[in-house]
Amino acid sequence: MDDKELKQILATKVPAYERSFIEIPRDSVVPHLSSLTDYLDKVVKADKRMMSRIDNLVMRYRLGAVDKTMNEHFGTVLPRINQKGMIVGGSVIYYNTEDGTMLQKDELVDHLYPWYAFDYYTDPNVFFGEHLCHRRQIVIVPEEKTALLGALAHPDFDWLAVGVGNNLTDAMMKKFAGRLVILFPDDFSCEYWSEHFGSKFKVDDCFTHRDINQYLIDVIHKQHVP
């Protein structure tokens, strides 16, 4: 039996009704460079002005990293932070630094000392980037990587992401009732997003057959001044 198996056994031996629900501590996500920020640096071609904006995104979105690597790519911590500033979940995603493809996704709480048998308080109805919403137009996209590329390409918008493998809920969208919101679904989410939210929010399907990430990268490259 290895250490990982032992930790999993210790974390689950306590009956659910006896476990403690605790807040995810703010200092559990320390801003840090990772496989995703390495990829973003590559996207901006090491332009100093754009790399400074990436550093700013690391701080604003509270991007972190874990020690575990996959093919020498450090896992990126992508926390979900609600409008009260509480960390209520998130993902750890391992990206290929060359092309930005996702290698693996873990839940953030899987990396938070599970051997203590704590159940962390989580809220699945919080967007990635929700804590940064002000009064600007909101853009909602499926993936966290897309939201960060969007924040680099069009910083005048508030970019939110549903998250890889997740989908929008009524509880998520009702927070922005009456706000100027545009949703850019991919081909997998387009039908659902349009049917459930199209009557109240603008759902634009222009990226269902076109790579939104590449579009945003092209916009970023046009901003580059040699």
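Residue numbers start at 1 and run along the sequence shown.
Here the closest heavy-atom approach between residue Ser34 and residue Ala65 is recorded as CB-CB, 3.8 Å. Of all non-hydrogen atoms in Asp158 and Arg136, the two that sit nearest each other are OD1-NH2, 2.7 Å. Gln137 and Leu180 make their closest contact through OE1-CD2, 3.4 Å (heavy atoms, listed as atom of the first residue, atom of the second, distance). Across every non-hydrogen atom of Val29 and Arg62, the tightest pair is O-NH2, 2.6 Å. Across Gln223 and Ala153, no two heavy atoms sit closer than the pair NE2-O, 2.7 Å. Summarising the geometry of Gly89 relative to Ile24, their closest heavy-atom pair is N-CD1, 3.6 Å, with the distance given to 0.1 Å.
Judged purely by distance below 3.5 Å, without hydrogens or angles, the side chains of Trp193 and Asn167 pair a donor atom with an acceptor atom. Of the N and O atoms on the side chains of Ser35 and Asp38, not one donor lies less than 3.5 Å from an acceptor on the other residue.
The main-chain N or O of His73 is never found under 3.5 Å from a side-chain atom of Asn71 such that the two would form a donor-acceptor pair. Not a single donor-acceptor pair under 3.5 Å links the side chain of Lys45 to the backbone N or O of His221.
A single hydrophobic cluster is not seen to contain both Val139 and Val203; linkage of ILVMFWY side chains at heavy-atom distances under 4.5 Å, directly or through other members, places them apart. Val88 and Met173 are members of different hydrophobic clusters when ILVMFWY side chains are connected at heavy-atom separations under 4.5 Å.
The aromatic rings of His154 and Trp159 sit parallel, their planes meeting at an angle under 30°, below the 60° perpendicular limit.
Of the candidates Leu152, Leu40, Val44, Arg53 forms a side-chain contact (heavy atoms from CB on, under 4.5 Å) with just one, namely Leu152. Tested against Phe176 for a ring pair (Phe, Tyr, Trp, His ring centres under 6.0 Å), the candidates Phe197, Phe201, Phe127 yield a single pass: Phe127.
Applying the 6.0 Å contact sphere to OH of Tyr94 captures more than 12 heavy atoms from other residues, nucleotides or ligands. The local environment of CD in Glu195 is crowded, with over 12 non-hydrogen atoms from other residues, nucleotides or ligands closer than 6.0 Å.
Figure legend: cation-pi geometry between Lys145 and Tyr39, with NZ or CZ positioned under 6.0 Å from the six-membered ring centre and within 45° of its axis.
Residues satisfying the side chain to side chain contact (heavy atoms under 4.5 Å, CB included) criterion with Asp156, sequence neighbours excluded, are absent altogether.
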